[in-house]
Amino acid sequence: MSPSPLDRAFYERDVREVAPALLHKLLVRGDRVGRIVEVEAYAGADDPASHAYRGPSPRTATMFGPPGHLYVYFTYGMHWCANAVCGPDGHASAVLLRAVAPEAGLERMRVARLAGPKAPRVLTDRDLCRGPARLCQAFGIERSFDGADLVTGDRGLVIADDGAPAPERVATSTRIGLTAGADRPWRWFVAGDPHVSGPGAVSPRQPPRRRRAG
DNA sequence: ACCGGGATGTTCT
DNA sequence: GAACATCCCGGTG
């Protein structure tokens, strides 16, 4: 049976509660499936790092709408990034999807990641979706997905719960790539998972830590 | 492993 | 003009 999409109430809570709860949920588009392993919270008008900090604009309109929709923005002249809108309608908080562990549809992801003039020369499975812009490219998420409803799946994209257990160890840190609001520890990731990007990432060859040699 | 430079275009001062 | 929720490549240890 196919996993069921998270419901509206899941997203309607405080963004700092929703963000860690998204770890180990599934991002699904058609045959492409990835397990969320790294997220960041952006707390709307209370958060100087949020695009919503200075009030609504055409670009951020989706963030100011109801929860459970996808806020997609374009950055660095090249890249798309995707967020799940959280909190009550008008609150404008969102969770940035920073990395997923690819679980299905890897060939289609690879084709998407290798399209375009700036494609990497070598691309491991580990790097298919490790980073917010990489995962968007792997899933084909761009401007037309801004506002997509993740609950109804109106554009063929959902976040779903397949019943997998929550991560055993969740680590936190400050958010990546910011100047304003850089001190707030609103990044959550699955400790020890090699598909995490940035600080805290574990190399795939790193052996699991032992408590004791015996 | 870590660091620096370039690519590239929208948004805001 | 400057900043920007990034990525890729090629240098150096």
Side-chain angles (χ1 to χ4, degrees), chain A residues 15-16 18-20 22-23 27 34 36-64 69-87 91-100 102 109-147 171-189 194-207:
Chain A
V15 67
R16 282 169 275 168
V18 177
L22 281 170
L23 295 176
L27 181 67
I36 298 170
V37 295
E38 182 186 358
V39 294
E40 285 175 354
Y42 288 83
D46 305 328
D47 180 1
S50 172
H51 294 163
Y53 185 57
R54 287 174 179 82
S57 71
R59 176 209 206 184
T60 61
T62 297
M63 256 205 294
F64 284 85
H69 292 251
L70 198 70
Y71 165 53
V72 178
Y73 67 89
F74 187 62
T75 193
Y76 289 106
M78 237 174 299
H79 299 301
W80 300 97
C81 294
N83 305 250
V85 175
C86 296
H91 188 83
S93 60
V95 175
L96 173 67
L97 305 177
R98 281 202 58 93
V100 308
M109 293 177 185
R110 173 171 295 275
V111 168
R113 289 275 286 114
L114 292 177
K118 294 279 298 183
R121 279 209 213 88
V122 299
L123 178 60
T124 61
D125 287 353
R126 176 175 181 250
D127 283 348
L128 285 175
C129 306
R130 192 167 65 85
R134 288 167 170 175
L135 84 83
C136 279
Q137 195 184 3
F139 279 77
I141 296 171
E142 29 66 38
R143 174 153 305 269
S144 71
F145 282 77
D146 183 45
T172 67
S173 80
T174 54
R175 296 171 291 180
I176 294 176
L178 304 181
T179 52
D183 54 320
R184 307 192 184 189
W186 290 348
R187 171 175 175 249
W188 290 264
F189 59 96
H195 303 93
V196 169
S197 79
V202 171
S203 149
R205 308 204 37 141
Q206 198 79 18

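All of these numbers come straight from a predicted model, not from anything done at the bench. Numbered from 1 within each chain, the chains take letters A, B, ... in sequence-line order. Values below: all heavy atoms of this structure, side chains included; hydrogens, waters and symmetry mates excluded.
With a 4.5 Å cut-off on side-chain heavy atoms, A:Thr62 and A:Leu70 do not count as touching. Residues A:His79 and A:Cys136 are not in side-chain contact: their nearest non-hydrogen atoms beyond the backbone lie 4.5 Å or more apart. Inter-residue side-chain proximity for A:Val72 and A:Trp80 is flagged as met; some heavy-atom pair is nearer than 4.5 Å. Annotation: side chain of A:Val202 is not in contact with side chain of A:Val196 (no heavy-atom distance under 4.5 Å). Residues A:Pro194 and A:Arg130 are not in side-chain contact: their nearest non-hydrogen atoms beyond the backbone lie 4.5 Å or more apart.
The distance between atom CG of A:Leu96 and atom C1' of C:dT6, rounded to the nearest whole Å, is 11 Å. In this structure, A:Glu142 places its CD atom 17 Å from C1' of C:dT6, rounding to the nearest Å. Atom P of nucleotide C:dC7 and atom CG of A:Leu123 are separated by 13 Å, given to the nearest angstrom. Distance A:Trp80 CH2 to C:dC7 C1': 16 Å, rounded to the nearest Å. Taking atom CH2 on A:Trp188 and atom P on C:dA5, their separation rounds to 18 Å, with Å as the unit. Per the geometry, CZ belonging to A:Arg175 stands 17 Å off C1' belonging to C:dT6, to the nearest Å. Put simply, CD on A:Glu40 is 15 Å from P on C:dC4, counting in whole angstrom units.
Across all strands shown, B:dT8 forms no Watson-Crick or G-U wobble pair with both key distances under 3.5 Å. When Watson-Crick and G-U wobble pairs are counted only if both distances are under 3.5 Å, C:dA5 pairs with no nucleotide at all.
Stacking of A:Tyr42 onto the six-membered ring of C:dA5 is present: less than 5.5 angstrom between centres, less than 30° between planes.
In this structure, A:Ala49 reaches the bases: a heavy-atom distance under 4.0 Å links it to at least one base atom across the strands shown.
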Legend entry - Nucleic acid footprint by protein, nucleotides 4-13 of chain B - heavy-atom cut-off 4.0 Å, B for base, S for sugar-phosphate alone: ---BBB--SS
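Looking at residues two or more places apart in sequence or on another chain, you find a salt bridge (charged side-chain N to carboxylate O under 4.0 Å, His left out) between A:Asp125 and A:Arg110. Residues forming a salt bridge (charged side-chain N to carboxylate O under 4.0 Å, His left out) with A:Arg175 (at least two apart in sequence, or on another chain): A:Asp47. In terms of the salt bridge (charged side-chain N to carboxylate O under 4.0 Å, His left out) criterion, A:Arg184 has no residue partners (sequence neighbours excluded). For A:Ala138, the side chain to side chain contact (heavy atoms under 4.5 Å, CB included) partners at least two apart in sequence or on another chain are A:Met109, A:Arg113, A:Cys129.
Not one side-chain nitrogen or oxygen of A:Arg130 sits closer than 4.0 Å to the OP1 or OP2 atom of C:dC8. Between A:Thr179 and C:dC4 there is a side-chain N or O to OP1 or OP2 distance below 4.0 Å.
Closest approach to the A:Arg134 side chain among C:dC8, C:dT6, C:dA5 is made by C:dC8 (side chain taken as heavy atoms from C-beta onward). Side chain of A:Ser50, nearest nucleotide from C:dC7, C:dA5, C:dC8: C:dA5.
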Give every pair of a protein N or O atom and an N or O atom of nucleotides 10-13 of chain C that lie under 3.5 Å apart, one pair per line with the distance.
{"residue": "C:dG10", "atom": "OP1", "partner": "A:Arg121", "partner atom": "NH2", "Å": "3.4"}

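Comparing A:Ala180 and A:Leu135 by the nucleotide of DNA chain C whose heavy atom lies nearest to each, the residue mapping closer to the 5' end is A:Ala180.
Evaluated for a side-chain hydrogen bond (donor to acceptor under 3.5 Å, both in side chains) with A:His51, the options A:Tyr73, A:Tyr71, A:Tyr42 yield exactly one hit, A:Tyr71.
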